[in-house]
Enquirer: 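Quick one: the structure is below, and I'll ask about it shortly.
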Amino acid sequence: MELQGIFELVEAGRIDDAEERCRQSLGRNPDEINLLGMLGAILLKKGELDEAERHLTRTTELEPAFAKPWEDLGALWMARNEPGKAAPFFEKAREISRTSARLDPRLEHANRLRKGGDTDAAAQACQEILKREPDNPGALRLLAMIATDREQFVIAEGYLRRIVTRLPGNVGAILDLCRFLGDRGRYPEAIDILERADREVLEDPAVQSALGDMLGLVGRSDEALQAYEKCLAARPDDVSALLGRGHMLRIAGRGDDAAGCYRRCVALQPEFGDAWWNLATLKGAELNDDDMRTMQSIAGSSDLAPHSQVGVRFALARALEERRDYGAAWEQYRIGNAAKRALIRYDPVETEVSQRNIRQTFDTAMFDREAADTPADKTPIFIVGMPRSGSTLIEQIVASHSQVHGAGELPYIIMITNALHSTDGNDSRYPEIVREFDAKALTGLGRSYLHHALRHVSGDKPYFTDKMPANFQHVGFIRLVLPQARIIDVRRGPMATCVANYRQLFAQGKSQAYDLTELAEYYLLYIGTMEHWDTVLPGQILRVHYEDIVADFEKQTRRILEFCGLPFEKACLDFYMNKRPVNTASAEQVRRPIYDSAVNFWKNYGPYLDELEEILAPVL
């Protein structure tokens with residue numbers, strides 16, 4: 001076993017060899033908690049306390065029920081001659097040792113079976129443990145992981161909730177459940193669990209960092225910033241919280257402060273690819289020659305973790321692009337995209353089948369039924385389309401109106417349709433299940449959406465925006481449950497859109513963006529789905545072309561406002577003066593007046609786009 005070999009090197013006094021083996025292994029599996037904990041312990045033994053603290057802290061975040069790294073953190077603070085700070089870590093280690101089944105050989109065996117792909121045998125081993133110990137948290141957690149591997153999400157959630165019921169004050173159990181919910185897009189539930197946790201749990205730095213992540217994803221950026229800062233007050237060098245704080249400062253338009261957070265991240269952890277990428281894309285924080293040399297050295301390392309490789313390659317590409325070295329930039333984009341594609345699960349056939357099912361289900365007859373009676377005192381304005389198409393600009397224009405609140409990208413339509421897709425005890429799934437709903441059921445779904453969405457809307461403004469691009473596939477569902485909604489489809493030239501997507505390292509989702517062929521095919525699916533909505537919902541969707549906005553801004557602005565039922569206001573022309581938080585990749589762009597330099601920027605990469613152009617030929 002790899003870990004055993006490292007341990008034997010430590011026992012033989014070959015500390016440097018053990019460290020090297022540990023780093024090599026982590027390069028292949030960066031979140032393997034045993035290796036992370038072992039590296040932290042080795043560095044502690046060598047007296048390299050700052051780096052040891054980072055690895056040990058990361059280990060406790062990934063597996064809070066692992067006692068040894070807590071004990072090592074206590075020893076680390078003793079080595080710094082700060083016994084007052086060491087005491088809580090030793091106490092935490094003792095508490096875990098009393099209650100944790102982490103080192104239970106039965107669980108170790110079951111986990112090895114799972115990692116080896118024999119999930120049936122792993123599940124059976126866990127069930128044998130539960131026959132004798134019905135509430136064994138380790139067995140329940142492993143069963144939840146197995147169920148998640150099998151995409152049996154309802155079963156997995158049941159196990160995780162059972163652990164929380166059994167251990168209500170256990171930080172690790174609560175974070176496991178909340179991260180599971182977050183991965184399913186159920187952010188409000190996860191936030192509610194964290195905010196209602198016991199005070200001792202809520203004050204845990206890892207909980208505050210996780211809460212910041214969730215709050216940021218649903219657009220509550222001021223509260224997210226506070227959560228990150230609470231985490232950093234306890235752990236000033238927590239790079240995850242520093243990165244999150246940088247994002248929230250960036251959203252608020254505080255670019256210099258955001259850059260300071262990203263710089264601190266790479267100072268603490270030079271291989272932190274996400275921090276390099278955010279520095280590279282932050283206006284006014286251009287990467288200098290020293291930065292370039294550092295990133296090139298990191299990118300060439302054979303020990304670099306795959307996720308770090310992605311961020312560093314994208315950052316190099318953007319920096320080279322700023323220097324107008326487009327050939328070298330494209331090569332870095334190519335490497336970065338290939339590395340990212342290897343890390344994610346995306347099935348283009350599954351996507352095509354899903355969208356075909358939606359088009360077949362939401363036919364003309366679907367809209368002849370009795371309409372939902374959803375409250376109409378608040379009117380959502382849905383802005384849909386491909387990512388990087390100009391949708392953030394359109395939202396900023398509309399949200400500059402005195403009657404509109406800009407709510408950003410809300411996950412709730414996707415959250416509701418996902419919940420319908422995974423309903424237990426019914427053979428029907430989304431979208432087919434919608435055929436079974438009467439007006440009362442549709443009204444309930446519309447009210448559910450408004451219940452969640454209006455938590456993001458301040459004041460008494462009668463309109464609000466929801467700028468989730470992927471909602472384009474759910475336009476029919478939106479029309480059924482929210483009859484009062486306005487729907488705007490923002491479109492940009494196919495080549496420009498696809499190149500812009502390929503150049504972007506998205507924070508989450510957008511899995512179709514990391515392969516040019518898959519990206520082009522997805523664009524064609526988008527066009528086909530929007531053509532379907534035009535057929536079954538004629539005149540109910542406003543199409544806005546980014547190039548038309550640039551060419552005749554005021555005319556298009558008046559057209560958009562008229563479609564929404566809003567009187568013209570000059571503030572919409574001065575959208576760049578609006579200081580509202582903007583949580584997208586275009587945050588800096590929409591703080592500038594209209595410019596046309598982005599329209600044909602994609603042509604700088606023309607020599608590398610033959611395949612893309614061939615696939616997109618039907619819509620060019």
Enquirer: Tyr514 ring centre to Arg341 NZ or CZ under 6.0 Å, with the angle to the axis within 45°?
Expert: no
Enquirer: For residues Ala173 and Ile163, report the shortest heavy-atom separation together with the two atoms involved.
Expert: CB-CG2, 3.7 Å
Enquirer: Please check if the side chain of Ser391 supplies one atom and the backbone of Pro387 the other of a donor-acceptor pair under 3.5 Å.
Expert: no
Enquirer: What I want to find out is whether Glu195 reaches Arg220 closely enough, with some N-O distance under 4.0 Å, to be called a salt bridge.
Expert: yes
Enquirer: What do the steps show when you test Arg250 against Thr281 for side chain to side chain donor-acceptor pair (under 3.5 Å), and what is the final call?
Expert: CA-CA 11 Å; Arg250 183 175 189 166; Thr281 56; 3.1 Å; yes
Enquirer: Give a yes or no answer on whether the side chain of Trp277 reaches the backbone of Leu505 with a donor-acceptor pair at less than 3.5 Å.
Expert: yes
Enquirer: Tell me whether Lys440 is salt-bridged to Asp373, with the criterion being a basic N under 4.0 Å from an acidic carboxylate O.
Expert: no
Enquirer: Check for a donor-acceptor pair, side chain of Thr374 on one end and backbone N or O of Gly446 on the other, with a separation under 3.5 Å.
Expert: no
Enquirer: Would you check if the side chain of Thr361 reaches a backbone N or O of Ile358 as a donor-acceptor pair within less than 3.5 Å?
Expert: no
Enquirer: Report yes if the distance between the aromatic ring centroids of Tyr449 and Phe382 is under 6.0 Å, otherwise no.
Expert: yes
Enquirer: Look at Asp347 together with Arg345 and state whether they make a salt bridge at an N to O cut-off of under 4.0 Å.
Expert: no
Enquirer: Does this structure show an ion pair linking Arg313 with Glu331, if we count only N-O contacts that are shorter than 4.0 Å?
Expert: no
Enquirer: Should the pair Trp330 and Tyr608 be assigned to parallel (<30°), tilted (30 to 60°) or perpendicular (>60°) ring geometry?
Expert: parallel
Enquirer: Judged by atom type as modelled, is there a donor-acceptor pair below 3.5 Å linking the side chain of Glu409 to the main-chain atoms of Pro469?
Expert: no
Enquirer: Salt-bridge test for Asp118 and Arg114: reply yes if a basic N is under 4.0 Å from a carboxylate O, no otherwise.
Expert: no
Enquirer: Can you tell me if His532 uses its side chain to pair, donor with acceptor, with the backbone of Phe362 under 3.5 Å?
Expert: yes
Enquirer: Minimum heavy-atom separation for Gly182 to Tyr187, with atom names?
Expert: O-CE2, 3.3 Å
Enquirer: Would a distance-only check, ignoring hydrogens and angles, find a side-chain to backbone donor-acceptor pair under 3.5 Å from His456 to Val218?
Expert: yes
Enquirer: Does Glu562 pair with Arg559 as a salt bridge, N-O distance under 4.0 Å?
Expert: no
Enquirer: Is a side-chain N or O of Arg369 found less than 3.5 angstrom from the main chain of Met366, in a donor-acceptor match?
Expert: yes
Enquirer: Would you say the side-chain atoms of Arg359 pair up with the backbone N or O of Gly528, donor to acceptor, closer than 3.5 Å?
Expert: no
Enquirer: Using 4.0 Å as the upper bound for N to carboxylate O, is an ion pair formed by Arg150 and Asp120?
Expert: yes
Enquirer: Has the side chain of Thr497 got a donor or acceptor atom that lies under 3.5 Å from a matching backbone atom of Arg492?
Expert: yes
Enquirer: Evaluate the criterion side chain to side chain donor-acceptor pair (under 3.5 Å) for residue pair Glu321 and Tyr333; output intermediate values, then yes/no.
Expert: CA-CA 10 Å; Glu321 191 174 87; Tyr333 281 131; 3.1 Å; yes
Enquirer: Classify the ring geometry of Tyr605 against Phe601: parallel below 30°, tilted from 30° to 60°, perpendicular beyond 60°.
Expert: perpendicular
